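Comments concern the structure below.
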Amino acid sequence: EFQSTREAKRRFLAAYSVMLDFYGIKLLDKSGNVARAPNWQERFQHLNESHHNYLRITRILKSLGELGYEAFKAPLVRLFLEESLCNSTLPNMQHSVLEYFVYTIRLPSTRRRLLRFARQHYRPAHAFLWGPPPKKGAGGSIGAGSSGIRAPAPTPEQHRRVEENTASASSRINVSSHDAILCQDLVGGGIKGLPDLSSYEAELQEPLMLISGRRERSEFS
């Protein structure tokens, strides 16, 4: 139905052109060829630093294929390969373009042609490996087929969780062995000059057990 609706196709291409312009790219013709837009320097700098946009680009590429514009994928992926590998204007995109963008292309011959181009310009050359993104097996191990590119750094959300766990661990109460012995002496009346505290022994039994347990964990940690 989408392919038979001229207005829907027109709006889709208009939206695609707007998104390309946001990334500093312009749509040249109805064949899907693309090139740098006049604002490419500013937009490329932003794109290189905004990793969340890479997932959006993957979705755009997949949408092109689903809506009948499979031929539009290769020119865009080729441009990203050139900018990330040859011109170093988008170095942070290398991982995404080689692990994801290329593999949205359905035609094997087109995909292989782009991978050959990437292999020719990838540095260091010996680190380039052919294959789709790595997959985790049943045991959680990484399967074969990685392109050999280092995975991206942890997201801010992951950093936040690590910081919260660290803060939680540092806020735990540490009781020294001296404090535990002192409490035991108080309960047993071992310190001279103090009243008999045996009547409070039952009330202090549970706190002493907690202190003793924390002391043992502190000594073995």
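Since the structure is predicted, the reported quantities are computational estimates derived from the model, not experimental observations.
Listed here is the closest heavy atom pair of Thr110 and Ala74: CG2-CB, 3.7 Å. Heavy-atom minimum distance, Pro75 versus Gly32: CB-O, 3.3 Å. Across Ser88 and Pro91, no two heavy atoms sit closer than the pair O-CD, 3.5 Å. In terms of heavy-atom proximity, Tyr103 sits nearest to Leu98 at CE1-O, 3.2 Å.
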Audit row: Ile57, Leu47, side chain to side chain contact (heavy atoms under 4.5 Å, CB included) steps and yes/no
CA-CA 11 Å; Ile57 293 173; Leu47 183 58; 4.2 Å; yes
Step by step, work out the side chain to side chain contact (heavy atoms under 4.5 Å, CB included) result for Glu42 and His46.
CA-CA 7 Å; Glu42 174 189 355; His46 177 267; 6.0 Å; no
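Every residue two or more places apart in sequence or in another chain was checked for a salt bridge (Lys or Arg N to Asp or Glu O under 4.0 Å) with Arg111, and none qualifies. In this view, Tyr69 and Phe12, Phe72 satisfy the ring pair (Phe, Tyr, Trp, His ring centres under 6.0 Å) rule, not counting sequence neighbours. Listed by chain and residue number, Lys73, Arg106 satisfy the salt bridge (Lys or Arg N to Asp or Glu O under 4.0 Å) test with Glu70 (two or more places apart in sequence, or in another chain). Every residue two or more places apart in sequence or in another chain that forms a side chain to side chain contact (heavy atoms under 4.5 Å, CB included) with Ser31 is listed here: Asp29, Asn33.
Salt bridge absent: Lys62 and Glu66 never bring a charged side-chain N and a carboxylate O closer than 4.0 Å.
Looking at heavy atoms from C-beta onward, Gln45 lies out of side-chain contact with Thr89 at the 4.5 angstrom threshold. Side-chain contact between Met93 and Asn48 is absent, with no heavy atoms from C-beta onward closer than 4.5 Å. Using a 4.5 Å heavy-atom cutoff, the side chains of Asn87 and Arg36 are in contact.
Judged purely by atom type and a 3.5 angstrom limit, Thr104 uses its side chain to pair as donor or acceptor with the backbone of Phe101. With Thr58 contributing its side chain and Tyr54 its backbone, the two residues share a donor-acceptor pair below 3.5 Å.
A distance of 8.0 Å separates CG in Asn92 from CD in Glu49, rounded to the nearest 0.5 Å.
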Tell me which donor-acceptor pairs under 3.5 Å the side chains of residues 13-27 have, and how far apart each pair is, sequence neighbours excluded?
none

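Listed by first and then second residue, the salt bridge (Lys or Arg N to Asp or Glu O under 4.0 Å) pairs that reach into residues 8-18 are Glu7-Arg10, Glu7-Arg11, sequence neighbours excluded.
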